[in-house]
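Quick notes on the structure that follows.
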Amino acid sequence: MIDLPIVAPRKLIRELQAAIGRRWVLHAPEDLIVYEYDATIERGLPEVVVLPDSAQQVAAAVRIARRHGLPVTARGAGTGLSGGAIPCDSGVVIAVTRMNRILEVDPENRLAVVEPGVINLDISKAVASYGLYYAPDPASQKACTIGGNVAENGPHCLCYGVTTNHVLGLEVVTADGEIVWLGGKTADPPGYDLTGVMVGSEGTLGIVTKIIVRLLHRPESTITLLAIFDEVDQASEAVSAIIGQGIVPAALEMMDKATMEAVEAAVHAGYPPDAGAVLLIEVEGLEAEARQQAEAVRGVCQELGARELRIGFSPEERERLWAGRKSALGALGRLAPSYYILDGVVPRTKLPAVLRGVYEVCDRHGFRVANVFHAGDGNLHPNIMFDERVPGATERVLELGEEIMRLCVDAGGSITGEHGVGYEKRNYMSWIFSRDDLAVMASLKVAFGAGESFNPGKIFPSDADRGEGSSRMRSVVERAGPNAYV
Ligand SMILES: Cc1cc2nc3c(=O)[nH]c(=O)nc-3n(C[C@H](O)[C@H](O)[C@H](O)COP(=O)(O)OP(=O)(O)OC[C@H]3O[C@@H](n4cnc5c(N)ncnc54)[C@H](O)[C@@H]3O)c2cc1C
């Protein structure tokens, strides 16, 4: 069944057009359908999409939506992998992609003030001439927005921590349309850490309209190593062994055979066709220190059976070694028409056993899996290959995904490492949190005055009547009949 868009009331559209400009209010079905997706397999149509240019316009849109009793979902680039930007209860989508200015760079205080629609990588490009960069660098860094990063509190950044460690302050639009600042330009302000609460809240507490990010100095030397192993087990043993040596690499990534096959076809990275797994390891610091660490990493990998080691010193050599990893998720499209990416986290030492479990579960269900992940953080991303056009395939893949999430939790891990809970994982929350835990978390929404105004249907387990689709959309369709949507 195809979900039909709810026709937004004319009064709502007129009010939004007056506040934001006619051109930046989308309500035609062919425009809305573009905002039905993110990078997951979930779908949900908004009633109207607005593209504001300032915090004041965001605040106006929030107030208008509230007057009309409509929920609001913030959206960045739509690269999210937990269904977070999908308006599962329809309503108004506020896409912040036009708010993409870098407002201030302060090299002395090593910070920048940016709008939420700025692309992650553009921050590092803008401050490169000062020898600075913004550390959290997701594989999607050429596309995803800093607002989306703040909402999800990804990406894992082994040596430097996640987004919350790099955000000093936030300007936020609250549910009643007020513009407030949390945190500021100085570190550790007194009082509750409300900036920390907002980071990772997945758009459920407020809409972020400005971000003060912390910048780091580029290290004197960075060295990238690519270690090729015959077996996945050898590579995953090497992950713990490297960190066991007291080395905390800036990155420690792993790809398995299926991923290498796809990458090889896409970017010709030069991976041997019979290799079982590769590790990509980056060490940095003062030159002597980085070289010493690279030597130690080489020793560990050789000891654990690496059959080949490649080393990159110059930016060009390093970029070549990274090319395969950075293009891996896109390349997986060569293996199957659809894939379902999972995001679990386990204690590093459990990686070998959990990975074996992942292959076993996928084999048993008859689906091919490709693993590419932030191994140093114990952050797994099994990608299940399937064809969503085959009846029942999506349901089977979701069941399989649930089994893999269980493996992670049973190993002492969790249901998400960096992609957030969103819509997709909300029903797994009760595996790791009690009803009381969840009630305390939900009371934060009340404290922020957000209730169900922002991004309803996310993070918290569904109740009996919410179901899997958009309950609001369905009930309105049933009430009004299909003729209402022409
Ligand atoms: C190929 C690929 C590789 C990826 N690699 C990584 C990776 O290595 N690490 C990683 O962590 N993630 C990765 N991701 C996932 C994704 O890029 C991140 O989760 C990213 O932070 C999402 O940003 P976005 O701008 O696309 O947000 P969207 O998908 O648009 O939104 C994500 C969430 O943020 C909320 N949101 C967006 N903007 C705001 C705002 N201004 N205020 C409040 N809430 C807001 C939305 O409501 C939603 O809940 C990858 C995705 C793809 C497709």
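Indexing begins at 1, ligand by ligand and atom by atom, following the structure's order. The basis for the numbers below is simple: all heavy atoms, side chains too, and nothing from hydrogens, waters or symmetry mates.
Partners of Y428 according to the ring-ring contact (aromatic ring centres under 6.0 Å, His included) rule, which considers only residues two or more places apart in sequence or in another chain, are W431.
The side chain of N455, and not its backbone, has at least one atom closer than 4.0 Å to an atom of ligand 1 (non-hydrogen atoms only; side chain from C-beta on). Under 4.0 Å from ligand 1, heavy atoms of E418 appear from its side chain as well as its backbone. Here P116 has side-chain heavy atoms under 4.0 Å from ligand 1, and that is the only part of it that gets that close.
The environment of CD in E104 is crowded: more than 12 heavy-atom neighbours from other residues, nucleotides or ligands sit within 6.0 Å.
When only modelled atom types and interatomic distance are considered, E253 and H374 share a side-chain donor-acceptor pair under 3.5 Å. No donor-acceptor contact under 3.5 angstrom links the side chains of E424 and S82, judged on distance only. Side-chain atoms of E388 and T394 include no donor-acceptor pair closer than 3.5 Å. Donor-acceptor pairing under 3.5 Å is recorded for the side chains of N427 and S462.
Close approach of ligand 1 to A151 (heavy-atom distance below 4.0 Å) involves ligand atoms 34 (O), 35 (C), 36 (N), 44 (N), 45 (C). Taking a cut-off of under 4.0 Å to the non-hydrogen atoms of N149, the atoms of ligand 1 that pass are 20 (C), 21 (O). For ligand 1, the atoms lying closer than 4.0 Å to a non-hydrogen atom of E202 are 49 (O). Near G206, meaning under 4.0 Å from any of its heavy atoms, are these atoms of ligand 1: 43 (C).
Nearest protein neighbour of atom 12 (N) of ligand 1, counting heavy atoms only, is H419 CD2, 3.5 Å. In terms of protein heavy-atom proximity, atom 33 (C) of ligand 1 is closest to E152 OE2, 3.3 Å. The nearest heavy-atom contact from the protein to atom 48 (C) of ligand 1 is G84 C, 3.4 Å. Scanning the protein heavy atoms around atom 47 (O) of ligand 1, the nearest turns out to be A74 O, 2.6 Å. Nearest to atom 14 (N) of ligand 1 among the protein's heavy atoms is S140 OG, 3.5 Å. Scanning the protein heavy atoms around atom 22 (C) of ligand 1, the nearest turns out to be T79 OG1, 3.5 Å. If you check which protein heavy atom lies closest to atom 29 (O) of ligand 1, you get G80 N, 2.8 Å. Nearest to atom 8 (O) of ligand 1 among the protein's heavy atoms is A139 N, 2.8 Å.
Ligand 1 has an N or O atom lying under 3.5 Å from an N or O atom of G78, backbone or side chain. Backbone and side-chain nitrogen or oxygen atoms of I207 are examined, and none is located within less than 3.5 angstrom of a nitrogen or oxygen of ligand 1. Polar contact check, V208 against ligand 1: a nitrogen or oxygen pair lies under 3.5 Å apart. Between A77 and ligand 1, an N or O atom pair is found at a separation short of 3.5 Å. Ligand 1 has no N or O atom lying under 3.5 Å from any N or O atom of L81, backbone or side chain.
A salt bridge links E15 and R67; the closest N-O separation between the charged side-chain nitrogens and carboxylate oxygens is under 4.0 Å. With respect to E202 and K458, no salt bridge is recorded, no charged nitrogen being found less than 4.0 Å from a carboxylate O. Ionic pairing of E115 and R98 is not present here: no N-O contact between side-chain nitrogen and carboxylate oxygen is shorter than 4.0 angstrom. Salt bridge absent: R310 and E317 never bring a charged side-chain N and a carboxylate O closer than 4.0 Å. By the 4.0 Å N-to-carboxylate-O rule, D53 lies close enough to R101 to be salt-bridged with it.
Heavy-atom separations between D38 and ligand 1 are all 4.0 Å or longer. Not a single heavy atom of G422 lies less than 4.0 angstrom from ligand 1. Contact analysis leaves K458 out of contact with ligand 1, as no non-hydrogen atom separation drops below 4.0 angstrom.
Summarising the contacts of atom 3 (C) of ligand 1 with L329, T145, I146, N379, the nearest heavy atom is found in L329. Nearest residue to atom 23 (O) of ligand 1 from C157, G203, G148 is G148 (criterion: closest heavy atom). When the heavy-atom distances from atom 11 (O) of ligand 1 to G76, P138, P155 are ranked, the shortest goes to P155.
Going from atom OG1 of T174 over to atom CZ of F454 covers 6.5 Å, rounded to the nearest 0.5 Å.
Here the closest non-hydrogen pair linking A175 and G449 is CB-O, 3.1 Å.
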Name each donor-acceptor pair under 3.5 Å that joins a side chain in residues 377-384 to protein atoms two or more places apart or in another chain, with its distance.
{"from": "D377", "atom 1": "OD1", "to": "H156", "atom 2": "ND1", "distance (Å)": "3.3"}
{"from": "N379", "atom 1": "ND2", "to": "D343", "atom 2": "OD1", "distance (Å)": "2.9"}
{"from": "N379", "atom 1": "ND2", "to": "G344", "atom 2": "O", "distance (Å)": "3.0"}
{"from": "H381", "atom 1": "ND1", "to": "L342", "atom 2": "O", "distance (Å)": "3.1"}
{"from": "H381", "atom 1": "NE2", "to": "E418", "atom 2": "OE2", "distance (Å)": "2.9"}
{"from": "N383", "atom 1": "ND2", "to": "A370", "atom 2": "O", "distance (Å)": "3.0"}
{"from": "N383", "atom 1": "ND2", "to": "H381", "atom 2": "O", "distance (Å)": "3.1"}

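The side-chain tip of R426 does not point at the ring of F460 from less than 6.0 angstrom away and within 45° of straight on.
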